[in-house]
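In what follows, chains carry the letters A, B, and so on, assigned in the order in which the sequence lines appear, proteins first and then strands, with residues in each chain numbered from 1.
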Protein chains: 2
Amino acid sequence: MDVKTLCLGVLALGDASGYEIRKAFEDGPFSHFQEAGFGSIYPALKKLTDEELATCFEHQQDSRPDKKVYQITAKGRQALFDAVNREPSGDKFRSDMMFALFFADLMPIRRVDRIISDRIDHHAQVLQDLEACEHENMAPGPAFVLRFGRAMHACAKAYLENHQHELIGGVLQRDVAQ
Amino acid sequence: MDVKTLCLGVLALGDASGYEIRKAFEDGPFSHFQEAGFGSIYPALKKLTDEELATCFEHQQDSRPDKKVYQITAKGRQALFDAVNREPSGDKFRSDMMFALFFADLMPIRRVDRIISDRIDHHAQVLQDLEACEHENMAPGPAFVLRFGRAMHACAKAYLENHQHELIGGVLQRDVAQ
DNA sequence: CTCGCTATATCTCGCGCCGATATATTTCTT
DNA sequence: AAGAAATATATCGGCGCGAGATATAGCGAG
């Protein structure tokens, strides 16, 4: 899914500026399964207007830099429809922490412990945010996706909590053996 | 974690060719939390030898193209140590399927159903592969990471199985309402 | 027996994207 | 009153991904 399509998805929920689109990936409804930074959003928005998949209105009433609000066009909705109905590619998961923990024997035990504890806290925070997002009258799609995120973060948190001691214990044994 | 470091990680487990490094991300011990293709591995290996973090031996005994076997150096082990002891960045999860399912109301119900069923099968397959990987006498790090992968895929599979009907039902209701 | 598929093996190219950075103002916090 | 955070747009360099080129061996189906 390229960033152009991702932006189209955000715009399908309502008009938005580049900054607001960014927030949709930072905090908003897409935050737990897609991401995009300014470096990809602004060029994508440019292409989108060039291809007439979105239009741009400049609102200068703010004292801040002119706010450019983008709106999806009928052609844009069609492009989103086409993208959604293409075969989705596989999920991608990348974890630098898991790579590091694979080599846990190269780390001081205290560090292993701290990294995992920090990550548990992080999952707890995300879980709280996701629960705050949920409300009644959600469409089936967004609700399904939100609850999936909740399930996955809860699972990761539970695994780390239940197995933290095993890793610490295992590495400690190595230290004693040496 | 750049591909250079990822390659160093594979080489730390034993000497390998570019092709074998690829397999470590396709099937091997890193497959469920990192990925890298030839387009990134070969340039990374070149840089690694330039910086003397790895050395290269050419084995021409095969009838196939010369096999270049790479070996990690002491300097390379130090670089891996440094990378592992740097603060890991956050996990990244990207799912085109979840993006599509967010807009489930733009899809025929049959398609929604089929996509989810296919994904359940996929998780089952990965789960089987991961279980086959597990054996006794695993170091604590690799074991922890492998079991994490198992837990996450089992969780995703269970969620999809338990909530598939809700999404189908929800979208059906919409169709009846129209 | 041969056709094609899969596995082994290396490498390039272009496009897309990410993180860092620059810039400027307002509003909230201490 | 100072400073941090939020609002807002934009660029740039480098990394990396997917697709494809190239070549050979082995294996099973027809």
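Backbone-only contact: B/G18 has heavy atoms under 4.0 Å from sugar-phosphate atoms and none from a base.
Atom pair B/K46:NZ and C/dT10:P shows a separation of 14 Å (rounding to whole Å applied). One atom, CD of A/E26, and another, P of D/dA5, lie 14 Å apart when rounded to the nearest Å. One atom, CG of B/L45, and another, P of C/dC11, lie 9 Å apart when rounded to the nearest Å. Note: CZ (A/F38) to P (D/dG13) measures 21 Å, nearest angstrom. D/dT9 atom C1' lies 9 Å from atom OH of A/Y70, rounded to whole Å. One atom, CD of A/E35, and another, C1' of C/dG19, lie 12 Å apart when rounded to the nearest Å. Rounded to an integer number of Å, the gap from A/F25 CZ to C/dC18 P is 10 Å. One atom, NZ of A/K47, and another, P of C/dG16, lie 5 Å apart when rounded to the nearest Å.
Side-chain atoms of A/S31 and A/E26 include no donor-acceptor pair closer than 3.5 Å.
Of the side-chain N and O atoms in A/Y42, one or more sit less than 4.0 angstrom from OP1 or OP2 of D/dT9. Considering only side-chain N and O atoms, B/S17 lies nowhere under 4.0 angstrom from the phosphate OP1 or OP2 of C/dT8. Between A/K68 and D/dA10, a side-chain N or O to OP1/OP2 separation shorter than 4.0 Å is present. Within the structure, every side-chain polar atom (N or O) of A/K92 is placed at least 4.0 Å from both OP1 and OP2 of D/dC17. Proximity of B/R94 to the phosphate of C/dC18: a side-chain N or O atom is located under 4.0 Å from OP1 or OP2. Using a 4.0 Å cut-off, some side-chain N or O of A/S40 falls inside it from OP1 or OP2 of C/dC18. Look at A/Y19 and you'll find a side-chain N or O under 4.0 angstrom from OP1 or OP2 of D/dT7.
Here B/R119 does not pair with B/E161 in a salt bridge; the nearest charged N to carboxylate O distance is not below 4.0 Å. Note on A/R147 versus B/E166: salt bridge recorded, some NZ/NE/NH1/NH2 to OD/OE distance being below 4.0 Å.
Note: B/H122 and B/H153 have perpendicular aromatic rings, judged against thresholds of 30 and 60 degrees for the angle between ring planes. Between A/F99 and B/F30, the angle of the ring planes lies from 30° to 60°, which puts this pair in the tilted group.
Of the residues near DNA chain C, B/K23 and A/A44, the one whose nearest nucleotide (by heavy atom distance) lies more toward the 5' end is B/K23. Taking for each of B/G39 and A/G39 the nucleotide of DNA chain C with the nearest heavy atom, the 5'-most of the two is the partner of B/G39.
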